[in-house]
Amino acid sequence: MHRVEPSAPLLDVAALRTEFPILHRTVHGGKPLVYLDNAATTQKPNVVIDTIADFYRNHNANAHRAGHVLGSEVTTMFESARRRVAESIGASAEEIVFTRGTTESLNLLAATMSGRFERGHRRNIVISEMEHHANIVPWQMVRDRTGAEIRVIPVDDHGLLDMQVAEQIIDDSTAIVSIVHVSNTLGTANDVHRLSAMAHGVGAEFIVDAAQSISGMNIDVNEIGCDALVFSAHKVYGPMGIGVAFIRGRLMESLPPYQGGGSMITSVTFDKTTYAEGPLRFEAGTPNIEGAIGLAAALSWRDSLDMSSVIAHKHALTLSLTSGLASREGIRLHGTHQGHSGIVSFSVDGVHSQDLGLMLDAHGVAVRTGHHCTMPLTARFSTSGSVRVSAAVYTSTDEVDFFFSALDRALTVLR
Amino acid sequence: MHRVEPSAPLLDVAALRTEFPILHRTVHGGKPLVYLDNAATTQKPNVVIDTIADFYRNHNANAHRAGHVLGSEVTTMFESARRRVAESIGASAEEIVFTRGTTESLNLLAATMSGRFERGHRRNIVISEMEHHANIVPWQMVRDRTGAEIRVIPVDDHGLLDMQVAEQIIDDSTAIVSIVHVSNTLGTANDVHRLSAMAHGVGAEFIVDAAQSISGMNIDVNEIGCDALVFSAHKVYGPMGIGVAFIRGRLMESLPPYQGGGSMITSVTFDKTTYAEGPLRFEAGTPNIEGAIGLAAALSWRDSLDMSSVIAHKHALTLSLTSGLASREGIRLHGTHQGHSGIVSFSVDGVHSQDLGLMLDAHGVAVRTGHHCTMPLTARFSTSGSVRVSAAVYTSTDEVDFFFSALDRALTVLR
Amino acid sequence: MQSTKTISELTDEIGAMLEALPDWEERFGAIMAMGKELAPYPEEFRREDFIVKGCQSQVWLYPQLADGRIHFSADSDALIVKGLVALVVRIMQDRTPQEILAAPKDIAERLGLVQHLSQNRSSGLASMLKQIRLYAVAFSMRTSS
Amino acid sequence: MQSTKTISELTDEIGAMLEALPDWEERFGAIMAMGKELAPYPEEFRREDFIVKGCQSQVWLYPQLADGRIHFSADSDALIVKGLVALVVRIMQDRTPQEILAAPKDIAERLGLVQHLSQNRSSGLASMLKQIRLYAVAFSMRTSS
Ligand SMILES: Cc1ncc(COP(=O)(O)O)c(C=O)c1O
Ligand SMILES: Cc1ncc(COP(=O)(O)O)c(C=O)c1O
């Protein structure tokens with residue numbers, strides 16, 4: 001987690017909001033939309049929408065294979081997008097694989113790394129109790145195929161990983177440690193540096209699920225020291241259907257291909273096929289070029305903001321949310337982090353989370369309720385799921401105020 | 001292949017072209033773009049571009065999981081897109097899985113059907129010599145894992161499948177027959193009805209790669225009788241990063257999940273996870289909702305055209321191309337179909353296909369050269385690859401004329 | 001008690017009633033009020049087998065055949081969803097399996113403004129309707145044999 | 001023969017020359033003409049080992065160290081690509097491995113209008129430059145040891 005610098009220049013949220021057309025729409029016959037479901041997906045600024053439209057209006061072709069000018073333009077755009085992604089996380093372009101999203105990135109890693117469990121003495125993978133299903137189910141599939149063991153770092157009542165248990169279960173029979181950077185349900189930021197050191201200390205590989213951290217912090221894969229890091233474009237102001245698996249060079253070289261098809265081969269005969277090197281080996285078929293270019297535009301937009309101001313703004317929002325909730329009776333916060341993820345989950349005694357979500361929606365406030373694709377974690381804190389409020393860089397303090405007035409009204413009706 | 005009806009109303013190509021902004025751009029300093037690489041990817045009409053922009057400007061949210069109004073809207077749009085896709089190929093919505101494209105669809109099928117080869121007496125899969133790498137490599141991966149045998153239907157000098165050999169090698173030890181509908185290299189349309197009957201006659205399952213046929217013919221999965229059919233949106237005027245696997249209900253029920261993550265589960269604990277039924281089981285993670293909606297818009301656009309007119313127009317283009325090429329000296333057509341795919345490949349004695357492609361590009365004419373991701377097939381006809389010209393519904397006869405004048409000029413320089 | 005109106009009539013009537021309300025807060029209020037009028041759910045049937053799958057909250061639905069008509073008991077741990085299942089039960093209560101099977105397929109849509117809820121998978125409206133239809137199929141086979 | 005100009009100067013010069021041509025037909029003409037001036041490729045080195053990977057056509061590139069400088073022979077079965085490899089060889093011919101390794105990394109880009117070709121992976125321009133660099137690394141290790 002980044003330090004919050006009190007001296008950071010104030011973010012001009014009103015100006016930012018003008019760049020997001022959807023923030024000006026109304027719902028349910030005239031109610032302003034108050035979008036607080038940003039952990040599910042973020043909205044897109046004009047520059048991303050326009051980049052996509054411009055791509056199809058002026059450039060569209062298939063990359064890599066074409067000998068014509070459109071093809072060259074598009075290959076340049078696609079490979080610049082790869083460099084742009086690499087730059088923004090401190091990687092090199094050869095380490096960036098484009099996927100459909102975080103989920104596919106983790107499936108790709110799980111499937112191609114599963115050989116780790118088939119030979120040698122390293123027989124377990126360590127994840128945590130706060131993982132998204134995307135970082136649980138692919139490993140369960142590997143387990144079912146290879147007999148690998150899944151070890152789980154538990155979460156304490158504050159919503160923090162139990163690092164003492166982590167120290168114990170990450171041992172020299174561990175092949176992989178794969179941990180979420182910022183929890184999509186609790187908003188907790190995990191100490192990935194320490195986990196990275198633990199993993200490497202026993203010779204295991206370390207994977208970071210950065211789906212929720214990519215939009216609100218500067219990420220440097222070398223500073224973290226991870227072997228792989230994954231995220232989705234749609235959670236960082238970019239389009240759907242595109243995501244990233246950063247895979248460190250020496251790890252990438254050791255991995256077999258994932259899907260087969262065009263682009264990922266060097267030669268094909270019916271007897272024998274040889275595979276391309278580098279990221280192309282993992283990008284079978286026509287890639288989502290539109291998506292890659294849209295993602296690059298989104299990351300450039302993100303990088304045009306002063307990150308310390310973003311952090312200060314989201315820290316302030318997070319504090320208003322947690323303190324406002326804590327001051328109301330009968331509300332239980334799930335996790336008590338004081339960070340800047342903008343994500344806060346809670347439940348209300350005697351009120352079903354779904355009722356609360358629907359009532360808030362009646363006022364135009366969009367939040368998420370349920371298990372948030374983290375069933376094991378959510379079950380730990382509440383049987384009826386939780387209400388999750390998640391702010392983005394364009395969330396205004398007025399919106400947080402409006403959320404609280406809607407919450408109070410909803411609770412009056414529901415209790 | 002559809003019958004070409006001579007009475008079909010004439011397509012108003014000039015009017016169609018106004019809907020495609022990219023067709024009005026110039027390349028290399030003022031040369032009008034003559035885009036004849038449509039088999040690689042098609043251009044997008046305004047309605048598709050606008051649908052995508054509108055989605056992000058006014059609706060964007062994550063589908064399925066949200067309890068708020070945006071989420072409901074988007075779920076409705078996403079599931080209507082699924083119904084739209086289903087309708088346009090005569091399937092039911094529960095049989096439509098959204099993937100990244102043809103390549104992923106075939107990988108999904110190969111991976112989830114690979115159990116077929118691990119038990120029982122059916123130990124081979126039949127493909128053809130004219131398959132795209134996407135319908136070769138995934139099966140080779142399955143072969144390497146399970147020991148399955150790959151049998152190949154050869155192609156004759158006319159570029160047609162040798163159906164006599166097909167009859168012999170499709171036998172009661174065949175588990176799957178997977179064949180391209182229209183060859184992306186030769187333009188040949190295969191007799192999928194007959195192949196379907198052959199496959200089912202021995203109790204095998206039949207898969208159709210419709211990547212090239214979806215844009216230019218009406219496809220009805222029941223009429224073909226296939227068990228699965230796959231295609232990419234970007235080849236039918238739709239966006240990149242989205243495709244379809246139609247999987248017939250009873251086949252789908254029998255398949256294990258492919259990737260793991262959110263949406264495809266019903267419950268997750270660290271011990272045991274249960275999977276959703278229907279297409280959602282194969283759609284782990286946030287889907288490419290933008291893409292699905294864009295694809296639906298593209299299919300609606302396609303369906304707004306009179307298909308018999310499209311076929312007549314593309315038949316005429318195909319005939320001009322083949323007859324124009326045949327009338328020039330030293331040019332060898334690869335395959336001699338007289339169909340309406342708009343795809344024609346050729347090589348020129350003593351001229352390297354790449355030189356020809358680059359020279360045509362110098363005049364603004366975009367064609368594809370090389371192996372077209374069908375190495376085994378291309379190698380059969382020429383060692384230096386081929387030049388492929390591929391027309392779309394918006395290709396004008398003027399463009400074909402321009403292609404021939406550029407070709408003549410290029411050959412003068414190159415020979 | 002079975003309504004004297006047809007399934008179709010009752011659906012449109014409830015749809016119109018909900019639509020007439022000024023906003024969603026009121027609509028949810030009306031829906032929750034329907035939930036409060038539900039007869040208590042028999043505790044012996046609060047079992048896994050009678051849970052309707054595909055709802056974010058727990059929904060129980062228990063059918064009983066008497067005199068050729070299906071009588072439903074229902075409950076949910078969430079108030080709005082309990083109201084929704086009450087609404088559905090009110091439409092379908094004490095009908096013959098044949099009546100239920102002949103009911104229009106677009107009940108969710110015809111509830112009009114509830115479309116928001118019906119498209120919202122977590123509300124489970126579609127799952128409830130599907131479950132009722134499945135029970136009707138099962139009972140119709142039993143009564144006809 | 002090694003040019004009296006530096007790699008960088010020669011690159012810019014060729015870039016400017018190509019750019020000055022009115023269109024791509026002429027540019028390809030000029031490039032093909034360079035290909036025709038290539039010394040014949042020694043048949044004994046027309047071997048798999050000397051094929052440059054990553055080009056759509058076949059490209060052979062054979063390096064020889066003499067007096068501390070690398071002399072390249074090259075060929076291709078396609079005319080334009082043969083011109084391209086001739087162009088690259090002209091810039092890099094008879095240089096020391098150190099000179100080659102110190103050469104600017106953006107030669108492809110600085111060839112200016114050839115950018116179209118350099119981004120066009122099938123032309124293999126990037127692969128040729130990479131292969132030359134690899135040979136320079138290999139020879140520099142040999143000369144320094
Ligand atoms: C016949 C055929 N099959 C499969 C593919 C692969 O499609 P995609 O690259 O969109 O996955 C293509 C196109 O490249 C094709 O033409
Ligand atoms: C922490 C985390 N991991 C993984 C995912 C899965 O991302 P996607 O659905 O984009 O594949 C999400 C978002 O849903 C997430 O928040």
Side-chain angles (χ1 to χ4, degrees), chain A residues 21-22 25 27-28 37 40-41 43-44 49 52-53 56-58 60-62 66-70 100-101 103-104 107 133-134 136-138 140-141 150 152 234 239-242 259-262 265 267-270 273 284-286 288-291 354 357-358 361 366 368-369 373 375-376, chain B residues 21-22 25 27-28 37 40-41 43-44 49 52-53 56-58 60-62 66-70 100-101 103-104 107 133-134 136-138 140-141 150 152 234 239-242 259-262 265 267-270 273 284-286 288-291 354 357-358 361 366 368-369 373 375-376:
Chain A
I22 203 175
R25 75 162 267 188
V27 294
H28 292 322
D37 193 14
T41 197
Q43 300 302 339
K44 322 303 173 200
I49 303 171
I52 294 172
Y56 286 131
R57 286 212 184 90
N58 296 309
N60 174 62
N62 212 323
H68 50 72
V69 62
L70 281 193
R100 183 178 26 249
T103 302
E104 179 167 57
N107 277 278
H133 295 163
I136 301 175
V137 186
Q140 290 182 322
M141 290 172 156
I150 296 178
V152 182
H234 74 93
M240 288 176 162
I242 185 81
Q259 298 180 333
I265 53 91
S267 78
V268 173
T269 66
F270 289 113
T273 288
T286 302
N288 185 353
I289 302 171
E290 171 222 301
Q354 188 181 14
L358 287 170
D361 180 55
R368 178 63 47 107
T369 61
C373 293
M375 277 192 192
Chain B
I22 202 173
R25 76 163 267 188
V27 295
H28 294 321
D37 193 13
T41 197
Q43 300 302 339
K44 324 303 173 201
I49 304 172
I52 293 171
Y56 286 131
R57 286 213 183 92
N58 295 308
N60 172 63
N62 213 324
H68 49 71
V69 63
L70 282 192
R100 183 178 27 250
T103 302
E104 180 167 57
N107 276 278
H133 295 163
I136 301 174
V137 186
Q140 290 181 322
M141 291 172 156
I150 296 178
V152 181
H234 73 95
M240 288 177 161
I242 185 84
Q259 299 180 332
I265 54 92
S267 77
V268 173
T269 67
F270 288 112
T273 287
T286 302
N288 185 354
I289 301 170
E290 171 220 302
Q354 190 180 12
L358 288 169
D361 180 55
R368 177 64 47 108
T369 62
C373 293
M375 279 193 191

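A, B, ... follow the sequence lines: proteins, then strands. Residue 1 opens every chain.
Looking at Asn288(B), the atoms closer than 4.5 Å to chain A (heavy atoms on both sides) sit in the backbone and in the side chain alike. At a 4.5 Å heavy-atom cutoff, the contact between Gln259(B) and chain A is made by backbone and side-chain atoms alike. Of the two parts of Arg100(B), the backbone and the side chain both hold a non-hydrogen atom closer than 4.5 Å to a non-hydrogen atom of chain A. Both the backbone and the side chain of Val268(B) come within contact range of chain A, with heavy atoms under 4.5 Å apart. Looking at Ile289(B), the atoms closer than 4.5 Å to chain A (heavy atoms on both sides) sit in the backbone and in the side chain alike.
For the atom pair Arg57(A) CZ and Lys44(B) NZ, the distance stands at 14.0 Å (nearest 0.5 Å). For the atom pair NE2 (His234(A)) and OH (Tyr56(B)), the distance works out to 9.5 Å, reported to the nearest 0.5 Å.
Contact record, Cys373(B) with Gly262(A): SG-CA, 4.1 Å, taken as the closest heavy-atom pair. Here the shortest heavy-atom pairing between Gly260(B) and Pro138(A) reads O-CG, 3.5 Å.
Comparing Gly101(A), Gly291(A), Ala53(A), Ala366(A) by how many heavy-atom pairs each has under 4.5 Å with chain B, the most go to Ala366(A). Counting heavy-atom pairs closer than 4.5 Å to chain A, the top-ranked of the candidates Asn60(B), Ile265(B), Thr103(B), Val137(B) is Asn60(B). The greatest number of non-hydrogen atom pairs below 4.5 Å with chain B, out of Ile52(A), Val27(A), Asn58(A), is found for Asn58(A). The residue among Ile150(B), Val152(B), Ile242(B) with the most heavy atom pairs within less than 4.5 Å of chain A is Val152(B).
Listed by chain and residue number, nothing satisfies the salt bridge (charged side-chain N to carboxylate O under 4.0 Å, His left out) test with Glu290(A) (two or more places apart in sequence, or in another chain). Partners of Thr269(A) by side-chain hydrogen bond (donor to acceptor under 3.5 Å, both in side chains), not counting sequence neighbours: none found.
The only option from Thr41(B), Asp361(B), Ile22(B) that meets the side-chain contact (heavy atoms from CB on, under 4.5 Å) definition with Leu70(A) turns out to be Ile22(B).
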Query raised in the report: Would Arg368(A) and Asn62(B) count as a side chain to side chain contact (heavy atoms under 4.5 Å, CB included) if you check the C-alpha gap in whole Å, the side-chain angles of each, and the deciding distance to 0.1 Å?
Result: CA-CA 10 Å; Arg368(A) 178 63 47 107; Asn62(B) 213 324; 4.0 Å; yes
